[in-house]
Amino acid sequence: MGKTTEQMAPIEQKKMCCAEDGEDSSTHMTDELQRNLMNRMNRIEGQVKGVKRMIDRNVYCDDILTQMSAVQSALHSVSRLLLESHINTCVMDRLESKDPEIVAEFMTTISKIMK
């Protein structure tokens, strides 16, 4: 498996999340980050299907709740990975270019994920 963002130097992190697209200056994820996120989401999907099977089999509620907590934790982990990459790339680039809209956009994003 690839390095986590904690194991990467800042220059490596900068290459992870967003990159300039020469044609329309939009941003996108690198293949490495996208692969990492998709692998994690596939595992989460498997966990969710397992929870559904537990409900279908009428498993003890406490056991279901424990598995649901694990799913939520995994989703939060994916969000943190994407957020960290986003900050180190897209947000920093726009701050460096003195884009006045980035702070409001970022605060809106933070508000949404803190619900």
Side-chain angles (χ1 to χ4, degrees):
M1 189 165 8
K3 297 182 207 176
T4 65
T5 52
E6 295 87 19
Q7 296 168 318
M8 294 182 180
I11 193 75
E12 289 178 289
Q13 289 177 1
K14 183 150 178 77
K15 295 176 185 174
M16 276 188 72
C17 178
C18 306
E20 292 283 329
D21 182 346
E23 292 179 13
D24 64 324
S25 73
S26 64
T27 58
H28 64 276
M29 286 179 252
T30 64
D31 291 342
E32 178 185 359
L33 179 62
Q34 186 176 20
R35 221 176 4 262
N36 189 344
L37 293 173
M38 289 303 294
N39 287 339
R40 289 170 182 243
M41 292 304 297
N42 287 335
R43 280 184 292 223
I44 292 167
E45 182 179 19
Q47 287 179 293
V48 170
K49 287 178 180 179
V51 170
K52 287 175 66 176
R53 284 191 300 273
M54 291 174 78
I55 293 169
D56 188 50
R57 292 190 331 250
N58 202 21
V59 172
Y60 185 56
C61 296
D62 189 57
D63 294 337
I64 296 170
L65 290 167
T66 299
Q67 289 305 310
M68 291 177 79
S69 177
V71 170
Q72 290 172 331
S73 178
L75 281 169
H76 287 300
S77 178
V78 171
S79 293
R80 279 191 304 271
L81 176 64
L82 184 57
L83 179 63
E84 183 178 355
S85 287
H86 181 57
I87 290 168
N88 286 318
T89 57
C90 303
V91 174
M92 289 301 295
D93 286 347
R94 290 178 62 188
L95 283 172
E96 288 171 358
S97 67
K98 301 196 184 313
D99 182 345
E101 295 173 12
I102 188 58
V103 173
E105 177 186 302
F106 186 68
M107 291 308 298
T108 300
T109 299
I110 293 296
S111 294
K112 288 177 185 175
I113 64 176
M114 291 183 72
K115 286 185 180 181

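Closest heavy-atom contact between Leu33 and Met29: CD2-CG, 3.9 Å. Taking all atoms of both residues into account, the shortest heavy-atom contact from Met68 to Val51 is CG-CG1, 3.8 Å. Between Val59 and Asp63 the shortest heavy-atom distance is CG1-CB, 3.9 Å.
To the nearest 0.5 Å, atom CD of residue Gln72 and atom OG of residue Ser77 are 13.5 Å apart. The distance from atom CG of Asp62 to atom CD of Gln67, rounded to the nearest 0.5 Å, is 10.5 Å. Rounded to the nearest 0.5 Å, atoms CD1 (Ile87) and CG (Leu82) are 10.0 Å apart. In this structure, Leu83 CG and His76 NE2 are separated by 12.5 Å, a value rounded to the nearest 0.5 Å. Once rounded to the nearest 0.5 Å, the distance linking CG of Leu37 with CE of Met41 reads 8.5 Å. Between the CZ atom in Arg53 and the CD1 atom in Ile64 there is a gap of 12.5 Å [rounded to 0.5 Å].
Between the side chain of Thr108 and the main chain of Ala104, a donor-acceptor pair closer than 3.5 Å is present. For Ser69 (side chain) and Leu65 (main-chain N/O), no donor-acceptor pair under 3.5 Å exists by modelled atom type.
Residues Arg40 and Asn36 have side chains that bring a donor and an acceptor to within less than 3.5 angstrom of each other.
Within the structure, the salt bridge (charged side-chain N to carboxylate O under 4.0 Å, His left out) test picks out the following pairs touching residues 105-115 (sequence neighbours left out): Arg94-Glu105.
Leu75 is not connected to Met38 by any chain of hydrophobic side-chain contacts under 4.5 Å among Ile, Leu, Val, Met, Phe, Trp and Tyr, and they are in different clusters.
Residues meeting the side chain to side chain contact (heavy atoms under 4.5 Å, CB included) test with Val103, sequence neighbours left out: Leu95, Met107.
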